[in-house]
Colleague: 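I have a structure I would like to understand better, so I am pasting it below and will then ask my questions one at a time.
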Amino acid sequence: MRSHYCGEITETLADQTVTFCGWVHRRRDHGGVIFLDVRDREGLVQTVFDPDTVKAFNTANGVRSEYVVQIKGLVRLRPAGATNDNMTTGKIEILGKEITVLNKANTPPFPLDDYSPVGEDVRLSYRYMDLRRDEMQRNLRFRHKVTTHIRNFLDKEGFLDIETPILTRATPEGARDYLVPSRTHQGSFFALPQSPQLFKQLLMVSGFDRYYQIAKCFRDEDLRADRQPEFTQIDIEASFVNEEQIMDITQEMIKGIFEDHLNIDLGDFPRMSYSEAMRRFGSDKPDLRIPMELVDVADLLQDIEFKVFAGPAKDPKGRVAALKVPGGAKLSRKDIDAYTKYVSIYGAKGLAWIKVNELEKGIEGLQSPIIKFIGEENTMKIMERLEVANGDIVFFGADKAKIVNEAIGALRIKVGLDLGMLTCEWAPMWVVDFPMFEETSDGGLTAIHHPFTAPSCSPEELKADPANALSRAYDMVLNGCELGGGSLRIHDQEMQKVVFEILNISEEEQREKFGFLLDALQFGAPPHGGLAFGLDRLIMLMTGSESIREVIAFPKTQSAACVMTDAPGLVETKNLREVGIQLRPKETK
RNA sequence: GGAUUGGUAGUUCAGUUGGUUAGAAUGCCGGCCUGUCACGCCGGAGGUCGCGAGUUCGAGUCUCGUCCAGUCCGCCA
């Protein structure tokens with residue numbers, strides 16, 4: 001049907017006759033001459049219709065936006081002064097000889113240009129139209145380039161692409177599962193995989209040595225700008241390797257992607273332990289583009305009267321941290337109130353502050369509602385420790401360590417972005433030495449990564465002090481965003497049993513849910529480990545998108561629905577009966 | 001589950017203290033126009049003010065409920 005893509009027709013084709021197909025992007029009717037900008041995947045080309053070509057002219061007169069047309073015409077250089085430097089094809093135009101309307105189109109529900117902002121729900125309702133827009137075409141094409149890069153890279157490194165089941169079984173820990181009723185086993189349910197975790201480990205037991213998959217994963221949890229209920233992981237696993245090898249190879253992969261597709265050298269990725277990350281940044285995924293750090297000051301405040309500080313300072317689970325904001329003294333009372341409100345969503349009860357106006361005047365040069373509570377001597381010691389300068393402001397968080405870390409950690413990023421403090425565009429890093437477990441609200445322990453993560457100690461040591469045990473896990477972090485994470489896995493049945501015990505998963509439950517894994521560990525499981533990247537997040541970061549939805553062709557809304565297909569939808573009673581399900585009447589409040 | 005923002009023409013938005021016939025831009029339709037490129041000029045059509053109650057002489061505007069969409073907290077091994 002065509003000889004060229006629209007966007008490929010340039011001056012090298014001058015004086016040749018070409019045929020192309022596409023959508024009418026814009027029509028400009030000058031009475032005696034009609035211009036059609038025709039668009040396809042590769043770009044736009046301007047076509048001119050003269051009244052001398054009567055039939056084509058009349059057809060061109062009748063076409064409208066988004067009509068699908070086939071045009072045959074002569075490529076010619078544009079007249080002097082009529083070129084368009086903004087277009088790849090702007091030096092030429094097509095003199096239209098024949099035009100066929102392949103399909104008419106209704107008026108588009110929203111403009112497809114780059115100038116008009118359009119509400120996201122409208123875009124999602126007509127996603128197939130939205131995807132015609134240049135930005136979306138570029139995003140999805142970029143995503144393709146990256147996944148192709150990944151496949152080529154991993155293939156070259158000896159990784160095999162192996163598919164794993166979508167219909168599998170529910171897992172006891174982790175996110176809520178998406179369930180699929182079984183027709184042939186009524187009353188039983190499949191679960192969609194939260195990740196191919198167990199299967200990739202079994203593939204290691206099977207001796208495939210190196211596996212990867214660009215795998216859809218499903219988690220029935222509430223959505224965020226960077227979270228969809230179905231998302232894509234770059235899933236990787238290898239045998240007879242240690243952490244270093246996994247980290248090296250995946251770091252090389254990510255570096256290569258940035259080099260080839262954004263022309264950016266990410267350099268070496270610094271490594272930081274979990275505990276250091278929490279101490280300095282209040283986060284297990286620090287944004288290293290922001291130069292500020294949290295500083296502990298609890299030791300200076302243990303003996304003061306002021307309970308708001310002294311309480312957490314003396315509490316082993318408490319924390320008192322200061323955040324120095326260079327140049328922050330210019331913040332108004334209103335700004336500070338806004339930040340106080342901001343930290344309150346993380347549970348902080350307040351936000352104390354000290355402005356440094358004239359340090360040379362000592363305590364007189366400071367401005368703060370709290371100095372009278374913490375005392376002049378303590379205040380000056382804190383100022384000394386923080387190495388403050390005139391014009392700075394210091395914020396304080398005092399509470400349970402978890403709340404201080406979350407609140408002041410988030411404040412650090414918010415203030416850093418608000419005040420334009422970014423020191424670079426890209427800040428990759430590794431976070432290592434995670435704890436094995438963390439405390440749940442009911443006092444039990446839960447796995448920080450997943451229950452198959454190997455600890456960096458023996459089963460006996462793990463049993464003796466599980467709360468302080470470290471794991472052989474690692475997270476790759478980019479700009480404060482967790483790009484991917486993984487670990488060395490447990491390949492020993494005894495160790496696996498100890499972990500299940502600590503997690504309070506009974507032997508019956510172990511047998512029922514993971515019997516196959518425990519068995520597999522007895523049949524010669526090699527040492528192995530791996531990592532999984534969030535592909536959607538990676539592409540979101542690389543394209544500078546505000547949301548993961550901008551890099552997914554057909555995403556869900558925040559209520560995990562699709563406004564285009566209207567999924568999820570009701571099903572016939574007959575279908576329910578076949579799978580042995582009866583709906584409960586809606587609960588009334 | 002919670003906090004918060006929004007929902008008015010196809011689209012993006014404005015709409016004052018509750019007060020006449022709800023406006024603008026753009027798009028759409030018609031006319032004019034031979035060098036535009038987000039063409040230009042003239043004219044026209046286009047509204048369940050998300051939905052449902054309530055207050056009021058009177059509601060786009062106030063109150064309550066509800067639905068949808070966005071951001072965030074919880075949640076997401």
Side-chain angles (χ1 to χ4, degrees), chain A residues 25-38 44-52 57 64-66 78-87 89-90 93 95 106-126 129-130 171-177 194-195 197-198 217-229 231 341-348 403 406-407 410 414 434 436-438 440-441 445-453 471 473 482 485-487 499 503 505 532 534 546-547 549 556-561 563 566 589:
Chain A
H25 189 64
R26 225 180 283 278
R27 173 172 163 276
R28 290 180 296 278
D29 181 356
H30 286 251
V33 62
I34 297 170
F35 296 99
L36 295 186
D37 290 345
V38 182
L44 280 176
V45 69
Q46 171 170 287
T47 315
V48 198
F49 290 91
D50 272 334
D52 343 334
F57 184 85
R64 294 293 180 267
S65 284
E66 301 305 312
R78 292 197 191 186
T83 57
N84 185 342
D85 293 339
N86 298 323
M87 291 172 79
T89 61
E93 65 188 3
L95 182 60
N106 290 343
T107 302
F110 53 86
L112 299 183
D113 56 41
D114 294 334
Y115 312 98
S116 322
V118 182
E120 203 178 355
D121 46 344
V122 184
R123 291 174 52 200
L124 289 179
S125 300
Y126 301 90
M129 299 298 286
D130 186 41
T171 46
E173 285 214 7
R176 193 177 294 114
D177 286 308
Q194 296 182 21
S195 81
Q197 182 61 37
L198 292 175
C217 304
F218 306 86
R219 293 176 191 178
D220 187 5
E221 296 292 349
D222 286 344
L223 290 83
R224 288 286 188 283
D226 64 350
R227 237 161 62 192
Q228 285 271 307
F231 61 100
K341 196 174 171 197
Y342 180 72
V343 294
S344 75
I345 61 181
Y346 296 93
I403 290 176
E406 284 174 8
K414 173 111 177 116
F434 282 83
M436 275 294 281
F437 308 105
E438 66 185 339
T440 57
S441 49
L445 290 176
T446 181
I448 282 204
H449 266 82
H450 52 62
F452 320 107
T453 301
S471 71
E482 185 194 325
S487 62
V499 171
L503 293 173
I505 298 177
E546 291 286 312
S547 133
R549 294 184 297 276
K556 300 282 185 284
T557 65
Q558 192 161 39
S559 63
V563 286
D566 212 15
K589 284 178 190 169

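Here the structure is a predicted model, which means the values were calculated and not measured.
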Colleague: Can you build the contact string for nucleotides 24-33 of chain B? Use B for base contact, S for sugar-phosphate-only contact, and - for no protein heavy atom under 4.0 Å.
Modeller: ----SSS--B

Colleague: Please check the phosphate of C39(B) (OP1 and OP2 only) for any side-chain N or O of Arg28(A) closer than 4.0 Å.
Modeller: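 For C39(B), OP1 or OP2 has a side-chain N or O of Arg28(A) closer than 4.0 Å.
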
Colleague: Is the shortest side-chain N/O distance from Arg227(A) to OP1 or OP2 of C75(B) below 4.0 Å?
Modeller: no

Colleague: Are any side-chain N or O atoms of Arg27(A) and backbone N or O atoms of Ile34(A), one a donor and one an acceptor, separated by less than 3.5 Å?
Modeller: no

Colleague: Has the side chain of Arg219(A) got a donor or acceptor atom that lies under 3.5 Å from a matching backbone atom of Gln194(A)?
Modeller: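 Yes, the answer is positive, given that a donor and an acceptor are paired below the 3.5 Å cut-off.
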
Colleague: Would the base of G74(B) count as contacting Arg224(A) through its side chain, where contact means a donor and an acceptor less than 3.5 Å apart?
Modeller: yes

Colleague: Below 4.0 angstrom from OP1 or OP2 of U36(B), is there any side-chain N or O of Gln46(A)?
Modeller: no

Colleague: Using a cut-off of less than 4.0 Å, is there contact between a side-chain N or O of Ser559(A) and OP1 or OP2 of A69(B)?
Modeller: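 Looking at the OP1 and OP2 atoms of A69(B), one of them is under 4.0 Å from a side-chain N or O of Ser559(A).
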
Colleague: On the side chain of Asp121(A), is there an atom forming a donor-acceptor pair with the base of G7(B) - under 3.5 Å, no angle test?
Modeller: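 Absent.
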
Colleague: Which residues pass the ring pair (Phe, Tyr, Trp, His ring centres under 6.0 Å) test with Phe452(A), not counting sequence neighbours?
Modeller: His450(A), Phe514(A)

Colleague: What pair of heavy atoms forms the shortest contact from Leu503(A) to Pro451(A), and how long is it?
Modeller: CD1-CB, 3.6 Å

Colleague: Are U36(B) and Phe35(A) stacked, with the base six-membered ring and the side-chain ring centres under 5.5 Å apart and planes under 30°?
Modeller: yes

Colleague: Please determine whether a side-chain nitrogen or oxygen atom of Arg549(A) lies at a distance below 4.0 Å from atom OP1 or OP2 of U71(B).
Modeller: yes

